[in-house]
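Heavy atoms only: backbone and side chains are in, while hydrogens, waters and symmetry mates are out. Index from 1, following the sequence.
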Amino acid sequence: MRVVQLCTDFVEGGGIQTHVVDLSRWLRAKGHRVIFAGQPGFFFDSQYNDETVSLPMWGVTGHFHDGSVRRIFSLIQAAAALRKFLKTAGADLIHAHETAPALVARLATIGLKIPVIMTFHGSEPERIANAARIGRYCTTLTASPSERSLDALVGQGLPPEKTRILGLGIRPMPEVDPSAVNDLRQF
């Protein structure tokens, strides 16, 4: 499959970004092609993905505090750029991480029949209703590692059949030398 991992940005050190890099490594190991789409950053390097699509996501999220008009313009601009990519290169799935990327994905995929999955990583309580609305209208499926987070979204109107609890996707611990374990037990 060709999977677009759509994030707000790809800066180094973020929890969502680290999760996306780990998930993408796993996807590539399974034979899938991974495209990163979002505000460029450290992880746009080719060692982390197969291809990139630069989108003005900081404008969509209000990163520059430019107001609603600028955010709407950035949303349209990001969706148009992603749609252009999708129409020329194609994708089998868009995995949007959080709400702003899900909005961009929805606008970009109108009429293209590309499923959009949003992973809801969590948010402040005052943003839950908005996240539920975006999940309801903009995604094929909303996933989260947190049952409590999904319950909160369902409580705000996200249909339960559009939700899935997924594991955290934490990298497995490295193998430990059995002799080192035995040495520790001797203390």
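Residues passing the side-chain contact (heavy atoms from CB on, under 4.5 Å) test with Arg136 are Arg133, Leu158, Pro159, sequence neighbours excluded. With sequence neighbours excluded, no residue forms a side chain to side chain donor-acceptor pair (under 3.5 Å) with Thr109. Residues forming a salt bridge (charged side-chain N to carboxylate O under 4.0 Å, His left out) with Arg127 (at least two apart in sequence, or on another chain): Glu124. Here Lys113 pairs with nothing under the side-chain contact (heavy atoms from CB on, under 4.5 Å) rule; sequence neighbours left out. Scanning for ring pair (Phe, Tyr, Trp, His ring centres under 6.0 Å) contacts around Phe120 gives an empty result, with sequence neighbours left out.
Pairing each heavy atom of Gly122 with each of Ser149, the nearest pair is CA-OG, 4.4 Å. Between Ser24 and Val34 the shortest heavy-atom distance is OG-CG1, 3.4 Å. For Ala129 against Gln156, the heavy-atom pair with the smallest separation is CB-OE1, 3.4 Å. For the residue pair Leu103 and Cys138, the shortest heavy atom distance occurs at CD2-SG, 3.8 Å.
A donor-acceptor pair under 3.5 Å links the side-chain atoms of Lys162 to the main chain of Thr139, judged by distance alone. Looking at Thr140, its side chain does come within 3.5 Å of a backbone N or O of Val116 through a donor-acceptor pair. The backbone N or O of Cys7 sits nowhere less than 3.5 Å from a side-chain atom of Glu98 that would complete a donor-acceptor pair.
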(request) Please report the C-alpha distance between Arg164 and Leu141 in whole Å, then the side-chain angles of each, then the deciding distance to 0.1 Å, and finally whether the side-chain contact (heavy atoms from CB on, under 4.5 Å) criterion is met. (result) CA-CA 7 Å; Arg164 294 291 182 281; Leu141 182 74; 3.6 Å; yes
(request) In sequence, state the C-alpha distance, the side-chain angles, and the governing distance for Val53 and Ile35, and then conclude on side-chain contact (heavy atoms from CB on, under 4.5 Å). (result) CA-CA 7 Å; Val53 181; Ile35 299 99; 3.8 Å; yes
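Taken to the nearest 0.5 Å, the CG atom of Leu6 stands 12.5 Å off from the CD1 atom of Ile117. Here the CH2 atom belonging to Trp58 is positioned 5.5 Å from the CG atom belonging to Asp9, to the nearest 0.5 angstrom. Between His97 atom NE2 and His19 atom NE2 the span is 5.0 Å, to the nearest 0.5 Å. Distance check: Leu153 CG to Ser146 OG gives 9.0 Å after rounding to the nearest 0.5 Å.
No path of Ile, Leu, Val, Met, Phe, Trp and Tyr side chains, each step under 4.5 Å between heavy atoms, connects Ile128 with Val154, placing them in separate hydrophobic clusters. Tracing side-chain contacts under 4.5 Å through hydrophobic residues (I, L, V, M, F, W, Y), one never reaches Val104 starting from Tyr137; they form parts of separate clusters. The hydrophobic clustering, which links ILVMFWY residues whose side-chain heavy atoms are closer than 4.5 Å, places Ile134 and Ile114 together. Residues Met118 and Leu107 are members of one and the same hydrophobic cluster, defined by side-chain heavy-atom contacts under 4.5 angstrom among Ile, Leu, Val, Met, Phe, Trp and Tyr. Residues Phe73 and Val60 fall into different hydrophobic clusters, defined by Ile, Leu, Val, Met, Phe, Trp and Tyr side chains chained together at heavy-atom separations under 4.5 Å.
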Solution key, residues 75-96 side-chain donor-acceptor pairs under 3.5 Å, sequence neighbours excluded:
from	atom 1	to	atom 2	distance (Å)
Arg83	NH1	Ala108	O	2.9
Arg83	NH1	Ile110	O	2.8
Arg83	NH2	Ile110	O	3.1
Thr88	OG1	Lys84	O	3.1
Thr88	OG1	Phe85	O	3.1
Asp92	OD2	Arg2	N	2.8
His95	ND1	Gln5	OE1	3.3
His95	NE2	Thr119	OG1	2.5

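The shortest side-chain heavy-atom distance between Leu55 and Gln39 does not fall under the 4.5 Å cut-off. Residues Ile165 and Leu150 are in side-chain contact: their nearest non-hydrogen atoms beyond the backbone lie under 4.5 Å apart. The closest side-chain heavy-atom distance from Arg33 to Met1 is not below 4.5 Å.
The residue from Val21, Ile16, Asp22, Val20 that alone fulfils the side-chain contact (heavy atoms from CB on, under 4.5 Å) condition with Thr18 is Asp22.
At a threshold of 4.0 Å, the pair Asp151-Arg148 does not count as salt-bridged, since none of the basic side-chain nitrogens sits closer than that to a carboxylate oxygen.
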